[in-house]
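Please read the structure below before turning to the comments.
Computed from a predicted model, the values in this text were never measured in an experiment. Counting starts at 1 for both ligands and their atoms, following the listed order.
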Amino acid sequence: MKDKLTQPFAFVIFGGSGDLSRRKLLPALHHLAALGYMPEKYAVVGASRTPMSDEDYREFVRTAIEEHEQAEHESPAADSLLKSVYYLAGDTAKPETFIDLQRRLDALDKDLGLGGNRAYYLAVAPDLTPMIVKNLAARGMLTQREGSWIRVVFEKPFGRDLESARKLNEEIRQVLTEEQIYRIDHYLGKETVQNILSFRFGNSIFEPLFNRTHVNSIRITVAESEGMGGRRGEYYDTAGALRDIVQNHILQLLCLIAMEPPASFRAESIRDEKVKVLHALPAMSPKEVAESTVRGQYHGYRNEKGVNPNSTTETYVAIRTSIDNWRWSGVPVLIQTGKRLWTRLTDIEIDFNQVPLCLFHQFADCPPNANKLVMRIQPDEGISLSFVAKQPGTSFVLQDVNMDFSYGKTFGQRLPEAYERLLLDVLRGDPSLFTRSDEVELAWQFITRILEGWSKLPPPEFPNYEPGSRGPAEASRLLNPSQIRRQ
Ligand code: BG6
């Protein structure tokens, strides 16, 4: 099959029995195996503190796959992956664990003929990451030998502000080359996110409109209806919506929507253009932060498991900003994300300018937002374009109508999970859909100014929105289209 992996490898998951492994990584590996992408020889090694044998872990993996398949209504077919699964129990803060791991990996290399190729996936709490990298390096486990490769995948959060992200980058670059580093942002693995570039640069009719002359505003929404689900409170309370979603997923969406055409489709060309968008984000002053951001926290958040009962962590944020470059100067960029909102929805709305003159006003008002392009990232994946049409009849009464592309109707096939594509890319050595160090740092630079601005403001009056609502009332004022029309 096309894209089938040919080189053998060991895929080591630190945090192999954790939530991310159970919900995303193991089901993704299973799909890759079931779809025939895996090479003849490979091993998946889970590493975690929980004491377990290989057999116990295989059971854990089987359950993870079955839970996921049930959710997707597919038949379980775990066997092709399970025979390649192994486990190592150990505390990753202790150097001894890495002696055991090295022995185990060397033995698997020898027994299965894995050629020394290794990918280490750090699905662990962020504070454990530097220690794991240090321990791997200390045992020479990050050094690539002639003809083999070693890659390390870093889960988000990559730092918690500009300073910590820079420090982490510095630390890992002492022991890894940039080509070995895969900083994951799973949004980039979504089909609909990758399609932004095909839509913009594979069609001649849209791209000429993507600029300040024609666009009135760009709006990115990542709304989630769920809260902490009884398992994420502890992490989330240290992060908040700005760090959890805006710093990575939303700024990546913005880069793809706003970037210039890359010189080629090579990873570095695409990353170079994304970086230029991040450079053009304004550094907000504390006054601008006060005026252009709204924070929220839903009622009941403080009672969630793992959350501080007096928490001031934001579960919602709205930001009004801009991209200060030639193409986009003056176009408002509206961002909103939050937990426990009215629905689960990620989309990008490009609102186009009004016609210069409403010729039909003697019949009825001209609709204010006639032309809007909506990219539905999830769910109900697709793209729609709205325009006005004359209602059948004797006068010129206009009505909004839609042209709609739906993935489901057009392709009629399951969209691969983001992690499937990303794990495949790690294993074949393609970093295009991963973030480079400068991207991460520039994203943090924008976010850190907002965090600093907030730290100078009086503490927010939380909770301030109802679960199931559209977020704090103040936010709808900030994002209100009638206030964002450019003159
Ligand atoms: C993760 C965040 O990166 O993305 C979560 O940490 C969030 O808080 C999740 O729920 C959303 O991902 P998706 O793919 O469900 O939109």
Side-chain angles (χ1 to χ4, degrees), residues 15 18-25 27-28 31 67-68 71-72 121-126 129 153-160 165 182-196 220-254 256 296-298 301 304-307 311 313-317 335-348 375-382 407 414-423 433-435 439-440 443-444 447 467 471:
D19 193 48
L20 184 71
S21 297
R22 190 172 57 78
R23 290 189 311 113
K24 298 287 182 187
L25 303 181
H31 274 201
E67 276 171 13
H68 188 264
E72 288 207 340
Y121 198 113
L122 306 182
V124 292
T129 302
V153 189
F154 291 85
E155 250 305 326
K156 61 174 276 266
F158 195 91
R160 50 177 291 105
Y182 287 73
R183 298 175 193 81
I184 215 159
D185 182 322
H186 80 279
Y187 261 57
L188 295 179
K190 290 181 192 276
E191 273 296 331
T192 44
V193 173
Q194 293 167 49
N195 190 46
I196 297 173
I220 302 181
T221 302
V222 177
E224 295 186 88
S225 47
E226 287 202 5
M228 300 298 111
R231 51 187 172 77
R232 299 210 68 223
E234 201 178 328
Y235 149 74
Y236 193 87
D237 208 36
T238 64
L242 187 66
R243 289 186 172 97
D244 188 48
I245 299 282
V246 184
Q247 188 273 339
N248 36 76
H249 309 327
I250 289 187
L251 291 186
Q252 284 295 328
L253 293 179
L254 184 61
L256 294 172
Q297 186 189 80
Y298 62 83
Y301 171 71
E304 297 260 15
K305 188 170 162 216
V307 170
S311 174
T313 298
E314 81 288 354
T315 61
Y316 174 94
V317 61
I335 288 170
Q336 61 175 331
T337 183
K339 301 275 187 197
R340 294 292 267 130
L341 292 177
W342 77 105
T343 190
R344 173 172 178 262
L345 159 91
T346 297
D347 70 10
I348 304 170
M375 296 187 170
R376 299 189 302 273
I377 304 297
Q378 66 189 28
D380 185 22
E381 292 81 359
Y407 274 78
R414 152 187 184 273
L415 290 181
E417 282 272 338
Y419 277 96
E420 282 169 48
R421 170 65 196 268
L422 296 175
L423 296 188
L433 300 178
F434 295 80
T435 48
E439 274 179 80
V440 174
W444 273 121
I447 296 297

### Task
Apply side chain to side chain contact (heavy atoms under 4.5 Å, CB included) to Glu155 and list each qualifying residue two or more places apart in sequence or on a separate chain.
Leu20, Tyr121, Ile184, Tyr419
### Query
Would you say the side chains of Asp185 and Thr435 form a donor-acceptor pair under 3.5 Å?
no
### Message
I'd like to check the side chain to side chain contact (heavy atoms under 4.5 Å, CB included) partners of Lys156; sequence neighbours left out, ordered by chain and number.
### Response
Tyr235, Asp244, Asn248, His249
What are the distances between nitrogen or oxygen atoms of ligand 1 and protein nitrogen or oxygen atoms, counting only those under 3.5 Å?
from	atom 1	to	atom 2	distance (Å)
ligand 1	3 (O)	Lys156	NZ	2.8
ligand 1	3 (O)	His249	NE2	2.7
ligand 1	4 (O)	His249	NE2	3.4
ligand 1	6 (O)	Lys156	NZ	2.8
ligand 1	6 (O)	Arg232	NH1	3.4
ligand 1	6 (O)	Arg232	NH2	3.1
ligand 1	6 (O)	Asp244	OD1	2.6
ligand 1	6 (O)	Asp244	OD2	3.4
ligand 1	8 (O)	Arg232	NH1	2.5
ligand 1	8 (O)	Asp244	OD2	2.6
ligand 1	8 (O)	Lys339	NZ	2.7
ligand 1	10 (O)	Glu224	OE1	2.5
ligand 1	10 (O)	Glu224	OE2	3.3
ligand 1	10 (O)	Lys339	NZ	3.1
ligand 1	12 (O)	His186	NE2	3.1
ligand 1	14 (O)	His186	NE2	2.8
ligand 1	14 (O)	Lys190	NZ	2.6
ligand 1	16 (O)	Tyr187	OH	2.8
ligand 1	16 (O)	Gln378	NE2	2.7

#### Entry: Listed partners of Asp19 passing side chain to side chain contact (heavy atoms under 4.5 Å, CB included), at least two apart
Arg22, Arg23, Arg231
### Message
Can you tell whether the side chains of Glu304 and Arg340 come within less than 4.0 Å, N to carboxylate O?
### Response
no
#### Entry: Name of the residue among Gln297, Glu314, Glu224 meeting side chain to side chain donor-acceptor pair (under 3.5 Å) with Lys339
Glu224
